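Encoded as structure tokens, the structure appears first; notes follow it.
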There are 2 protein chains.
Amino acid sequence: MPDGGIEEGSQRLPIDTTLSVIDGRWKGTILWRLSDGPMRTAELRRSIPGITERMLIRHLHELVDAGILVRHDAGTVPPCVHYSISEYGQTLGPVLQSLCDWGRKHMEHRPSQAS
Amino acid sequence: MPDGGIEEGSQRLPIDTTLSVIDGRWKGTILWRLSDGPMRTAELRRSIPGITERMLIRHLHELVDAGILVRHDAGTVPPCVHYSISEYGQTLGPVLQSLCDWGRKHMEHRPSQAS
DNA sequence: CCGTATCCTCTACGATACTG
DNA sequence: CAGTATCGTAGAGGATACGG
């Protein structure tokens, strides 16, 4: 077994911890878009077809709470809010890249399940 | 942006494809347990505290449908069924390892969110 | 950002068929 | 009766969509 297991019978594996952070209908997409650089809320929404504003905001806040994203509020009127990946969130980069690489191979391997 | 993006406005990113495969309350744990080697159904259930037989079977079959696992049925009575990671499923190994590594760091970094 | 409606995931409980 | 693998169904609860 690859290293990383913990004692027998434990309740929560490290792998589940990570999944709980990036879990959510749109979190993968959000993180991917932001890996380009900071984006404004409306800009993000337009770049993710199908997402509702409600879900975008909710997921954004959850990722901020997890320490992955940072919210920059210019405090101006009209409001100008940017979200960017935090320094800590950068450590997720290799994980996301790994997920993406496998996903592309999977789409080629089983086009029917590209979902 | 790290490579792997597809055209603007696309519906499904590679990263979401991967997440859709390993998504599910217990799939991470199941894959992790099986990375040790083949296991019987009841053996798996005992190794995952809290899972119900129903969910185990359901997730197991979903992973088989995705091509990640293989089901070996001895065809005997009483039934003896083993599940193992398919050759194709092995390609997920590095991804799972990456998820696990980050999860361990995250649990140290933010114990309150170890979930 | 909220209230409401809907959908879907997971859980709980039970049932099946057969053997030791 | 206990154990093995699987399925059916119903219900609670959470996730998501829609409209204001």
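By convention in this document, chain letters (A, B, ...) are assigned in the order of the sequence lines, proteins followed by strands, and residues within each chain are numbered from 1. Model, not experiment: these values are computed from the prediction.
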message = Without decimals, in angstroms, what is the distance between B:Asp73 CG and D:dT4 P?
response = 15 Å
message = Whole angstroms only, please: what is the NZ-C1' distance between B:Lys27 and C:dT9?
response = 11 Å
ask   = Looking for any heavy atom pair under 4.0 Å, which part of the strands does B:Glu53 touch: base, sugar-phosphate only, or nothing?
value = base
Atom pairs and distances, side-chain donor-acceptor, residues 38-45 of chain A, under 3.5 Å, sequence neighbours left out:
from, atom 1, to, atom 2, distance (Å)
A:Arg40, NH2, A:Pro79, O, 3.2
A:Glu43, OE1, A:Arg40, N, 2.9
A:Arg45, NE, A:Glu53, OE1, 3.3
A:Arg45, NE, A:Glu53, OE2, 3.2

request  = Give the rounded distance in Å between these two atoms: CZ of B:Arg45 and P of C:dA12.
outcome  = 14 Å
ask   = Across the strands shown, which category fits B:His82 at heavy-atom distances under 4.0 angstrom: base, sugar-phosphate, nothing?
value = nothing
task = At under 4.0 Å between heavy atoms, which parts of nucleotides 12-20 of chain D does protein reach? Answer with one letter per nucleotide, 5' to 3': B base, S sugar-phosphate only, - none.
result = ----BBB--
request  = Look at the side chain of B:Val77 and decide which nucleotide, out of C:dC18, C:dC1, D:dT4, has an atom nearest to it.
outcome  = C:dC18
key: Residue pairs, two or more places apart or on separate chains, that pass ring-ring contact (aromatic ring centres under 6.0 Å, His included) and touch residues 77-100 of chain B   = A:Trp102-B:Tyr88, A:His106-B:Tyr88, A:His109-B:Tyr88
note = Rounded to whole Å, CD1 of B:Ile57 lies from P of D:dT4 at a distance of 12 Å
message = Quick one: does any side-chain atom of B:Ser86 pair with a main-chain N or O of B:Val70 as donor and acceptor, under 3.5 Å?
response = no
message = Can you see if the side chain of B:His61 gets near the phosphate of D:dC7 - specifically, an N or O under 4.0 Å from OP1 or OP2?
response = yes
inquiry  = Run the side-chain contact (heavy atoms from CB on, under 4.5 Å) test against A:Gln90 and tell me which residues pass, sequence neighbours left out.
reply    = A:Ile85
Contacts of type side-chain hydrogen bond (donor to acceptor under 3.5 Å, both in side chains), residue A:Ser84, not counting sequence neighbours = A:His72
request  = Please identify each residue that fulfils side-chain hydrogen bond (donor to acceptor under 3.5 Å, both in side chains) with A:Arg58, with sequence neighbours left out.
outcome  = none
